[in-house]
Asks: 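Supplied in structure tokens, the structure appears directly below.
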Amino acid sequence: MDSAGDDDYVDWNTDDDFEIDNFQSSPVHSRAETLVGVAVTTSSLSSPIETTDLVQMGFSDEIFATLFDMGFPVEMIARAIKEAGPNADTSVIIDTISKYSSENEAGSSKSKTIDHFLAMGFDEEKVINAIHEHGEENMDQIANTLLSCAEPKKLTEVKEEDDIDWSDDEINYSETLLSDDEKEPNSSNLNRNQIRSLVKMGFSELEASLAVERCGENVDIAELTDFLCAAQMAREFTEFHTEPEEQRPRHDVKKRRLESKREPSSSVDDEPVRLPNPMIGFGLPNEPREETRILPELARGPPFFYYENVALAPKGVWETISRHLYEIPPEFVDSKYFCAAARKRGYIHNLPISNRFQLQPPPKYTINEAFPLTKKWWPDWDKRTKLNCILTVTGSAQLTNRIRSALEPYSGEPEPPKNVQRFVIDQCRRWNLVWVGKNKAAPLEPDEMENLLGFPRNHTRGGGMSRTERYKSLGNSFQVDTVAYHLSVLKPIFPDGINVLSLFTGIGGGEVALHRLQIRMKLVVSVEISKVNRNILKDFWEQTNQTGVLIEFSDVQTLTNDTIEDLMKKYGGFDLVIGGSPCNNLAGGNRVSRVGLGGDQSSLFFEYCRILEVVRGRMRRY
């Protein structure tokens, strides 16, 4: 792929791009309660559909609940079932809903474009004229026209502060820099205030209400805006990049999907797995807390295992993962407590939790500490100290130019007006922009991402890896300092070295963590489908002068039970099985693909379980 293609290419297929807390963060209702409590009235329907109509249509509350849990609006579900018929297959209903979504987006794009530029403070008449001139899809040309015709001070003259409601209900951008675990428990009044704030930012009331409902009651405004912005942007891109090896058909995917669907659903009477507040797992390096846990008998002792995936997965996912991994509750950790960027993850493992220690030297905990050169240019009104989750995409040159154009008219003043600040900070938060000059906000470079994620400098550079591939691989990697803190307990257990089975290795976050802990890797059997990622691990292995054996496989499905047995006979077994299966179907703005562990990619979790059981079973026999 040439450089021009790299710059234009956007890949939204990542674990953290659109994390959505759909994981029992709001009160649980039975499917029947959900159905009976619904009365649908919407302009998209020719006439209102009442609850009694839904029942008379003959569809089951099971189908309704399934579609509702996938994130589809109630009115679209009802309309699709009415059109497709009560006996239609669920996939047909989903296709019908998707068609409605496309129609609605096409019809509302113009109003959303108007709202976008009104939120920046431009005059409505000029916005409409610019849209007529360039078309609503040409956002960059519209922005340039509005900025070029605007006189200095124009953005403030459009809306005087006296005309804007700056009450406590207005969004406070200093608060948006806090994550959900830094806020007090939510209330119904706060939920209403969040919806009103989102509406003032240009989102529709329906979108805002859905975001609050799907993200839960205890999620702050920053999480809600991330969800909405990511979902809007995701709808603009319909094709995801996969490497040729990743395009091969997956064997037994259908079987795994069926197995996943047969999993018993969580009962409303069961205590659901909940995200902790704060999300610090069993303690932090500088603030350890004394906690004990009792592991199930089958899960105790070596070989140890360590599994990772996104914390904000759809409802029921972590219950299923826990059930398949010996009923061990997940340890939820946000890496913002280990570095200057957030990364909310769940970990299920049988490692000891006492006597953990931190990597040295410790990481930088704030943006300015991690990137000291930004201090000179960082505006006082940008209160961010942490970055959001590292994504697989970055802001465009056109975006950074719009930010510069919006700020330059106010260079001689102490600070730009509030509405300009909002626009700029919103974009900076959304795209993890940092200040590199006067009025110059820029996306992170790959080496800066490596720094934040705990990898050595140039870890992903060169070797035929494009810039786009670097962003993608880093966006899907471990945060090394966090993982190393958990793995540090292995050092006194294996003073002579360790044999590792590394599944879904990626760019080698687990291996880098063990190396930085100075735990010798006598053997690493790595399974990673991406060729460029395999090359990165090989380069790291050679450059760090590892003395052990590195064996690589390209696909977990080619790692048969007999192959595992042969490797264990030859090398004496494995001490650690580590990995995080793909989360393509667990996170993301495309709700249709967020089908949980039954999806094409995320169902590979069951391969992790299969391989782990083979390893532990053989170790128990000998």
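Bear in mind that the values here come from a model prediction, so they are computed numbers and not experimental data.
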Asks: Quick one, Trp541 and Val524 - any side-chain contact, counting heavy atoms below 4.5 Å?
Replies: yes
Asks: Closest heavy-atom contact between Phe478 and Gly510?
Replies: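 Result for this residue pair: CD1-N, 3.4 Å.
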Asks: Side chains of Val512 and Val483: closer than 4.5 Å at any heavy-atom pair?
Replies: no
Asks: Going by ring-ring contact (aromatic ring centres under 6.0 Å, His included), Phe305 matches just one of Tyr326, Tyr347, Phe574. Which one?
Replies: Tyr326
Asks: Does the Glu331 side chain pair with the main chain of Phe282, one donor and one acceptor, at a distance under 3.5 Å?
Replies: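 Judged by distance alone, yes, a pair lies under 3.5 Å.
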Asks: Taking the inter-plane angle between the rings of Phe338 and His486 on a 0 to 90° scale, is it parallel (under 30°), tilted (30 to 60°) or perpendicular (over 60°)?
Replies: perpendicular
Asks: How many angstroms lie between CG in Asp539 and CE in Met465, if you round to the nearest 0.5 Å?
Replies: 10.5 Å
Asks: Locate the shortest heavy-atom distance separating Tyr471 from Leu444; write the atom from each residue and the value.
Replies: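 So the minimum-distance heavy-atom pair works out to OH-O, 3.0 Å.
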Asks: If you count every heavy atom of other residues, nucleotides or ligands that lies below 6.0 Å from Arg293 atom CZ, does the total exceed 12?
Replies: yes
Asks: What pair of heavy atoms forms the shortest contact from Lys344 to Cys389, and how long is it?
Replies: N-SG, 4.3 Å
Asks: Looking at Arg343 and Ser477, would you say the former's side chain and the latter's main chain have a donor-acceptor pair under 3.5 Å?
Replies: yes
Asks: How long is the span from the CG atom in Asp334 to the SG atom in Cys339, to the nearest 0.5 Å?
Replies: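 Separation between the atoms: 8.5 Å.
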Asks: Rounded to the nearest 0.5 Å, what separates atom CG in Asn476 from atom CG in Leu391?
Replies: 10.0 Å
Asks: When you compare the side chain of Phe357 with that of Ser488, does any pair of heavy atoms fall below 4.5 Å?
Replies: yes
Asks: Would Arg618 and Val614 count as a side chain to side chain contact (heavy atoms under 4.5 Å, CB included) here? Give the steps.
Replies: CA-CA 6 Å; Arg618 189 182 190 283; Val614 172; 5.6 Å; no
Asks: Which pairs count as ring-ring contact (aromatic ring centres under 6.0 Å, His included) when at least one residue sits in residues 497-534, sequence neighbours excluded?
Replies: His515-Phe540
Asks: Which pair of non-hydrogen atoms, one from Ser473 and one from Ile507, has the smallest distance, and what is that distance?
Replies: CB-CG2, 3.5 Å
Asks: Crowded around Gln518 CD? As in, over 12 foreign heavy atoms under 6.0 Å?
Replies: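 No - once you tally the heavy atoms of other residues, nucleotides and ligands closer than 6.0 Å, there are 12 at most.
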Asks: Can you tell me how far the CG atom of Leu351 sits from the CG atom of Leu576, to the nearest 0.5 Å?
Replies: 7.0 Å
Asks: Above 12 or not: heavy atoms from other molecules or residues under 6.0 Å from NZ of Lys364?
Replies: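 No, the 6.0 Å shell around NZ holds no more than 12 heavy atoms from other groups.
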Asks: Show your reasoning for whether side chain to side chain contact (heavy atoms under 4.5 Å, CB included) applies to Arg534 and Ser526.
Replies: CA-CA 8 Å; Arg534 294 199 300 271; Ser526 168; 5.8 Å; no
Asks: Whether the side chain of Asn350 engages the backbone of Ala299 through a donor-acceptor N/O pair (distance < 3.5 Å, no angle test) should be reported.
Replies: yes
Asks: Is a side-chain donor or acceptor of Asn533 paired with a backbone partner of Glu528 at a separation under 3.5 angstrom?
Replies: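 Not a single qualifying donor-acceptor pair exists.
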Asks: Check the pair Arg520, Thr547 against side-chain hydrogen bond (donor to acceptor under 3.5 Å, both in side chains), reporting the backbone distance first and the verdict last.
Replies: CA-CA 8 Å; Arg520 179 174 178 262; Thr547 58; 3.0 Å; yes
Asks: Got Ile348 and Glu327 here, is their nearest side-chain heavy-atom distance under 4.5 Å?
Replies: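 Ile348 does not reach Glu327 side chain to side chain.
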Asks: Would the Tyr337 and Tyr485 ring centres measure less than 6.0 Å apart?
Replies: no
Asks: Using salt bridge (Lys or Arg N to Asp or Glu O under 4.0 Å) as the criterion, list what pairs up with Arg610, not counting sequence neighbours.
Replies: Glu607
Asks: Determine the minimum heavy-atom distance between Ser530 and Val532, stating which atoms define it.
Replies: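 That would be OG-CG2, 3.1 Å.
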Asks: Does a side-chain heavy-atom distance below 4.5 Å link Gln358 with Pro363?
Replies: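 Yes. Closest side-chain heavy atoms under 4.5 Å.
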Asks: With distance as the sole test, does Arg356 use its side chain to make a donor-acceptor pair with the main-chain N or O of Val489 at under 3.5 Å?
Replies: no
Asks: Can you give me every donor-acceptor pair (side chain of residues 450-457, partner residue at least two apart or in another chain, under 3.5 Å) with its distance?
Replies:
{"from": "Glu450", "atom 1": "OE1", "to": "Asn458", "atom 2": "N", "distance (Å)": "2.9"}
{"from": "Glu450", "atom 1": "OE2", "to": "His459", "atom 2": "N", "distance (Å)": "3.2"}
{"from": "Glu450", "atom 1": "OE2", "to": "Thr460", "atom 2": "N", "distance (Å)": "2.8"}
{"from": "Glu450", "atom 1": "OE2", "to": "Thr460", "atom 2": "OG1", "distance (Å)": "2.6"}
{"from": "Glu450", "atom 1": "OE2", "to": "Arg470", "atom 2": "NH2", "distance (Å)": "3.2"}
{"from": "Arg457", "atom 1": "NH1", "to": "Asp447", "atom 2": "OD2", "distance (Å)": "3.1"}
{"from": "Arg457", "atom 1": "NH2", "to": "Asp447", "atom 2": "OD2", "distance (Å)": "3.3"}

Asks: Let me confirm one number: the CD1-CD distance from Ile578 to Glu511, rounded to the nearest 0.5 Å.
Replies: 7.0 Å
Asks: Under a 4.5 Å cut-off applied to non-hydrogen side-chain atoms, are Leu567 and Phe553 in contact?
Replies: yes
Asks: Less than 4.5 Å apart, side chain to side chain, heavy atoms only: is that true for Ile328 and His349?
Replies: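 No - every pair of side-chain heavy atoms lies 4.5 Å or more apart.
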Asks: Checking side-chain polar atoms at under 3.5 Å, does Ser335 have a donor or acceptor matched by the opposite partner on Arg345?
Replies: no
Asks: Kindly say whether Ala342 contributes a backbone atom to a donor-acceptor pair with the side chain of Lys386 at under 3.5 angstrom?
Replies: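 Judged by distance alone, no pair lies under 3.5 Å.
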Asks: Any sub-3.5 Å donor-acceptor pair from Asn309's side-chain atoms to Ser581's backbone N or O?
Replies: yes
Asks: Determine whether Ile564 and Ile611 make a side-chain contact, defined as any pair of heavy atoms from C-beta on separated by less than 4.5 Å.
Replies: yes
Asks: I'd like to know whether Thr558 forms a side chain to side chain contact (heavy atoms under 4.5 Å, CB included) with Thr563, so could you lay out the CA-CA distance, the side-chain angles of the two residues, the decisive distance to 0.1 Å, and finally the verdict.
Replies: CA-CA 9 Å; Thr558 64; Thr563 302; over 6 Å; no
Asks: Shortest non-hydrogen contact from Pro352 to Ile493?
Replies: CG-CD1, 4.2 Å
Asks: One thing to verify: whether Glu445 and Arg467 come together as a salt bridge, which I'm taking to mean a side-chain N less than 4.0 angstrom from a carboxylate O.
Replies: yes
Asks: Determine whether Met568 and Glu565 satisfy the following criterion, side chain to side chain contact (heavy atoms under 4.5 Å, CB included), listing intermediate values before the conclusion.
Replies: CA-CA 5 Å; Met568 295 180 71; Glu565 292 268 2; 5.7 Å; no
Asks: Give, for atom CD1 of Ile390 and atom CE of Met449, the distance between the pair rounded to the nearest 0.5 Å.
Replies: 5.5 Å
